[in-house]
A.B. asks: 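Before I ask anything, let me first share the structure, which is written out below as structure tokens.
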Amino acid sequence: MSRAIRQVIVRGRVQGVGYRAWVATTAQAQGLEGWVRNRRNGSVEALLAGVSATVTEVIAACHHGPSAARVDAVFAEDADSDALDQRHPGERFSILPTV
């Protein structure tokens, strides 16, 4: 099994509609590690790490998100494992403050 670490940016109406919590719940249910946070520009940023195929599936699901969201674009790129250090200590997946 190959492992992937991808940084994802989601743009559209994704804040205030439960998108950040949806990403966290979806990623954790699939056994992924990482974090998610809102950005001041209105986008949502996430770091997803785990089995490559599962990371790809969750990124594909990000194009839809929760029912109240309107996703305009999803951008994903490879990330370094150092980015996982932003998680809260002891958590596999964290919801981080807005940056």
Side-chain angles (χ1 to χ4, degrees):
M1 274 188 269
S2 66
R3 182 169 165 81
I5 302 174
R6 307 275 288 166
Q7 182 177 2
V8 181
I9 303 289
V10 183
R11 294 198 175 125
R13 188 182 69 191
V14 292
Q15 288 188 17
V17 296
Y19 199 94
R20 185 172 54 169
W22 177 86
V23 169
T25 301
T26 302
Q28 289 174 314
Q30 296 298 320
L32 298 181
E33 297 179 74
W35 49 260
V36 62
R37 64 184 169 199
N38 288 334
R39 297 187 58 104
R40 286 190 179 93
N41 67 3
S43 65
V44 170
E45 178 182 19
L47 185 82
L48 304 171
V51 175
S52 185
T54 306
V55 170
T56 300
E57 288 175 19
V58 172
I59 292 170
C62 286
H63 287 274
H64 305 287
S67 60
R70 187 195 76 236
V71 176
D72 294 335
V74 176
F75 304 96
E77 62 183 25
D78 290 337
D80 191 88
S81 62
D82 291 344
L84 286 169
D85 294 342
Q86 295 182 47
R87 293 178 291 181
H88 298 162
E91 291 183 351
R92 286 183 49 85
F93 202 93
S94 297
I95 296 178
L96 301 179
T98 300
V99 294

A.B. asks: Can you pull out every salt bridge (charged side-chain N to carboxylate O under 4.0 Å, His left out) where at least one residue sits in residues 19-28? Sequence neighbours excluded, please.
C.D. replies: none
A.B. asks: Do Ile5 and Val44 share a hydrophobic cluster (ILVMFWY, side-chain heavy atoms under 4.5 Å, transitive)?
C.D. replies: no
A.B. asks: Name the atoms and distances for all side-chain donor-acceptor pairs under 3.5 Å in residues 47-63, with sequence neighbours left out.
C.D. replies:
| residue | atom | partner | partner atom | Å |
| --- | --- | --- | --- | --- |
| Thr56 | OG1 | Ser52 | O | 3.0 |

A.B. asks: Not counting sequence neighbours, list each pair that qualifies as a ring-ring contact (aromatic ring centres under 6.0 Å, His included) and has a residue in residues 9-36.
C.D. replies: Tyr19-Trp22
A.B. asks: Side-chain donor-acceptor pairs under 3.5 Å in residues 92-99, sequence neighbours left out?
C.D. replies:
| residue | atom | partner | partner atom | Å |
| --- | --- | --- | --- | --- |
| Arg92 | NH2 | Gly31 | O | 3.0 |
| Ser94 | OG | His88 | N | 2.9 |
| Ser94 | OG | Glu91 | OE1 | 2.5 |

A.B. asks: With sequence neighbours excluded, give me every side chain to side chain donor-acceptor pair (under 3.5 Å) pair touching residues 66-79.
C.D. replies: Arg6-Asp78, Arg70-Asp72
A.B. asks: Can you give me every donor-acceptor pair (side chain of residues 7-17, partner residue at least two apart or in another chain, under 3.5 Å) with its distance?
C.D. replies:
| residue | atom | partner | partner atom | Å |
| --- | --- | --- | --- | --- |
| Gln7 | NE2 | Glu45 | OE2 | 2.3 |
| Arg13 | NE | Ala68 | O | 3.2 |
| Arg13 | NH2 | Ala68 | O | 2.3 |
| Gln15 | NE2 | Arg39 | O | 2.7 |
| Gln15 | NE2 | Ser43 | O | 2.8 |

